[in-house]
Amino acid sequence: MIKCVVWDLDDTLFDGVFLESPGQPPAANPRLTGLLKEFAGRGILQAIASRNPPEAGQRAEHVTGHAFAATQCGWGPKSAAIRAIMAELGLTADSVAFVDDDPMERAEVSFSLPDVLVLAPDDMTAAAGWPQFSPAVVTDEARRRGELYRQRRARQEEARAFGGSTDEFLRHSQTRVSIRPATPGDLPRLHELSVRTHQFNSAGTSISETELASLAGSPTHRLVAVTLADRFGDDGLVGGCVLATGRSWRVPLVMMSCRALGRGVIDAFLTWICRAAQRAGAAQVAVPCLISPRNVPLRIALTGAGFRTGGIPEQDGEAADPAASQTAVYVRDLSQPLPGLPSWVQR
């Protein structure tokens, strides 16, 4: 799925060249502006990479009526601008599309970032119907994605100026995390997370609403949802997991939106899982995790939470089916003391 479209400005989003029309700045291209708004309504972020001064980005927001999630205006290679956008928004190259009228610019990006989908403006009308741009489910969180990333930018700017620790800043920001049983209304968003989330997806695959509903109604499983908010805004549902209970708890799926990265949520969630299992009398928690370059952040978080890779644990007297060769099982022994939950976690 394409999560972000990065637009050039001159002769792309603009009907003209910004620096060649100082007296009358160019207007927006109406066809592409319409597509920009359509993509934003589908939960796809919009960004700018342009060889122009910063004022061009401000002009683009004015004439399109859209607040872009990230803007890179300067004179370096477009591939460098796209890398900066991906770093700022926490995206991987294969979730980004780049639109530019200049064949040389498109060739430079294709060579430097081969996983980015590179398109000409004339491609975009057809691209709007492609599966990569057509998510099956569009939730309220998806429609607000651009707004949420703007809140993220404000949060990051204040964090850089804050003099205390990360934990102090989370409290200063009035962080509120709720961990609770998932409801039927959560299922579309949990499905969407399983499709869109790769850095924090232990299974590395999606799970349908039907499967989620079946797990929510199972006597041997629990389906959990995580919501996040602070004084900068409400991020809504940002994570979840499937818990298979028993003598040893197993977590077939744990996932978290990258918007929660650096905000203490994944660490608190893993601690909550372990403490819930310990209260239920389980001896250990096991998380089968696909080994992929894309989910390194999750595997780092598991290690930081005291999980260690080991064999496939037995469950209720029967050995669990071996996972694929590319999957490792992270196990947390619950006989050792567990850390407490931060005061801003509600459960």
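Note that the coordinates shown come from a computational prediction; the quantities given were computed from them, not determined experimentally.
- Looking at heavy atoms from C-beta onward, Leu190 lies out of side-chain contact with Ile207 at the 4.5 angstrom threshold.
- Side-chain contact check for Val224 versus Leu243: some heavy-atom pair is nearer than 4.5 Å.
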- Message: Working note: Val285 + Tyr330, criterion side-chain contact (heavy atoms from CB on, under 4.5 Å); need CA distance, chi angles, decisive distance, verdict.
- Response: CA-CA 8 Å; Val285 174; Tyr330 285 76; over 6 Å; no

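- Arg189 places no side-chain N or O within donor-acceptor distance of the main-chain N or O of Gly239, the cut-off being under 3.5 Å.
- Looking only at distances, no side-chain donor or acceptor of Gln278 sits under 3.5 Å from a matching main-chain atom of Ala283.
- Closest of all the heavy-atom pairs between Asp102 and Met104 is OD1-N, 2.8 Å.
- Scanning all heavy atoms of the two residues, the minimum distance from Pro53 to Cys73 falls at O-CB, 3.7 Å.
- Arg42 contributes a side-chain N or O that, together with a main-chain N or O of Ala128, makes up a donor-acceptor pair within less than 3.5 Å.
- The distance from the CD atom of Glu192 to the CE atom of Met1 is 9.0 Å, given to the nearest 0.5 Å.
- Partners of Ser112 by side-chain hydrogen bond (donor to acceptor under 3.5 Å, both in side chains), not counting sequence neighbours, listed by chain and number: Glu108.
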- Stepwise side-chain contact (heavy atoms from CB on, under 4.5 Å) test for Glu105 and Arg51: CA-CA 10 Å; Glu105 299 283 18; Arg51 291 182 185 274; 2.6 Å; yes

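- Note that OG1 of Thr197 is 11.5 Å distant from CG of Asn295, once rounded to the nearest 0.5 Å.
- Here the OG1 atom belonging to Thr210 is positioned 9.5 Å from the NE2 atom belonging to His191, to the nearest 0.5 angstrom.
- Criterion: ILVMFWY side-chain heavy atoms under 4.5 Å apart, direct or through other members. Under it, Phe39 and Phe68 are part of a common hydrophobic cluster.
- Note: Phe169 CZ to Ser173 OG = 3.5 Å, rounded to the nearest 0.5 Å.
- Counting only distance, with no hydrogens or angles, the side chain of Asp230 and the backbone of Gly233 share a donor-acceptor pair below 3.5 Å.
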- Show the numbers, then the answer: is there a side-chain contact (heavy atoms from CB on, under 4.5 Å) between Cys289 and Leu298? CA-CA 9 Å; Cys289 187; Leu298 174 59; 4.2 Å; yes

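- For the pair Gln199 and Pro297, the tightest heavy-atom approach, listed with the atom from each and the gap, is OE1-CG, 3.6 Å.
- A donor-acceptor contact shorter than 3.5 Å links the side chain of Arg299 to the backbone of Ser292.
- Side-chain contact annotation: Glu211 with Ser208, donor-acceptor N/O pair under 3.5 Å present.
- Of all non-hydrogen atoms in Pro181 and Asp186, the two that sit nearest each other are O-OD2, 4.4 Å.
- Side-chain heavy atoms closer than 4.5 Å link hydrophobic residues (I, L, V, M, F, W, Y) into clusters, and following such links, possibly through other members, connects Trp272 to Phe200.
- Side-chain contact, Asp101 with Thr12: a donor N or O sits under 3.5 Å from an acceptor N or O.
- Heavy atoms from other residues, nucleotides or ligands lying under 6.0 Å from NE2 of His62 number 12 at most.
- For the residue pair Asn52 / Asp10, a side-chain donor-acceptor distance below 3.5 Å is found, with atom types taken as modelled.
- The two residues Pro30 and Asp15 have their closest heavy-atom pair at CD-OD2, 3.7 Å.
- Separation of atoms CD (Glu147) and CG (Asp234) is listed at 9.5 Å; rounding is to 0.5 Å.
- Side-chain atoms of Ser95 never come within 3.5 Å of backbone atoms of Leu91 as a donor-acceptor pair (strictly under, hydrogens ignored).
- Using modelled atom types, no side-chain atom of Ser218 and backbone atom of Ser214 make a donor-acceptor pair closer than 3.5 Å.
- Through direct or relayed side-chain contacts under 4.5 Å between Ile, Leu, Val, Met, Phe, Trp and Tyr, Val296 connects to Ile300.
- A distance of 5.5 Å separates CG of Asp115 from CG of Asp94, quoted to the nearest 0.5 Å.
- A single hydrophobic cluster is seen to contain both Val96 and Leu45, as judged by linkage of ILVMFWY side chains at heavy-atom distances under 4.5 Å, directly or through other members.
- The hydrophobic cluster containing Val287 also contains Trp249, counting ILVMFWY residues as joined when their side-chain heavy atoms lie under 4.5 angstrom apart, directly or transitively.
- Put simply, the side chain of Val5 reaches to within 4.5 Å of the side chain of Phe133, judged on heavy atoms.
- Side-chain contact between Met255 and Leu193 is present, with heavy atoms from C-beta onward closer than 4.5 Å.
- Here the closest non-hydrogen pair linking Ala49 and Ala81 is CB-CB, 3.9 Å.
- Between Pro121 and Leu32 there is a side-chain heavy-atom pair separated by less than 4.5 Å.
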- Message: Run the side chain to side chain donor-acceptor pair (under 3.5 Å) test on Arg171 and Ser343 for me, step by step, so that the C-alpha distance in whole Å, both residues' side-chain angles and the decisive distance to 0.1 Å come before the verdict.
- Response: CA-CA 9 Å; Arg171 297 177 192 281; Ser343 60; 2.6 Å; yes

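- Side chain of Thr175 to backbone of Leu170: a donor-acceptor contact under 3.5 angstrom is found.
- Linking Ile, Leu, Val, Met, Phe, Trp and Tyr residues whenever their side-chain heavy atoms come within less than 4.5 Å leaves Ile82 and Trp75 in two separate clusters.
- Counting only distance, with no hydrogens or angles, the side chain of Arg222 and the backbone of Ala182 share no donor-acceptor pair below 3.5 Å.
- Trp7 and Gln46 are linked by a side-chain donor-acceptor pair at a separation below 3.5 angstrom, with hydrogens and angles left out of the test.
- Between the side chains of Asp167 and Ser165, no donor N or O sits under 3.5 Å from an acceptor N or O.
- Side-chain contact between Cys274 and Phe307 is present, with at least one heavy-atom pair separated by less than 4.5 Å.
- In summary, the side chains of Thr125 and Arg31 do present a donor paired with an acceptor at a separation below 3.5 Å, with no hydrogens or angles considered.
- Of the N and O atoms on the side chains of Thr227 and Arg180, not one donor lies less than 3.5 Å from an acceptor on the other residue.
- Arg106 places none of its side-chain heavy atoms less than 4.5 Å from the side chain of Lys78.
- Under the salt bridge (charged side-chain N to carboxylate O under 4.0 Å, His left out) test applied with Asp235, the options Arg263, Arg145, Arg152 reduce to a single match, Arg263.
- Between the side chains of Arg294 and Thr92, at least one donor N or O sits under 3.5 Å from an acceptor N or O.
- Side-chain atoms of His221 never come within 3.5 Å of backbone atoms of Ala216 as a donor-acceptor pair (strictly under, hydrogens ignored).
- You'll find the side chain of Gln174 stays beyond 4.5 Å of the side chain of Phe232, heavy atoms only.
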- List the steps and the verdict of side-chain contact (heavy atoms from CB on, under 4.5 Å) for Val99 and Asp123. CA-CA 9 Å; Val99 186; Asp123 298 326; over 6 Å; no

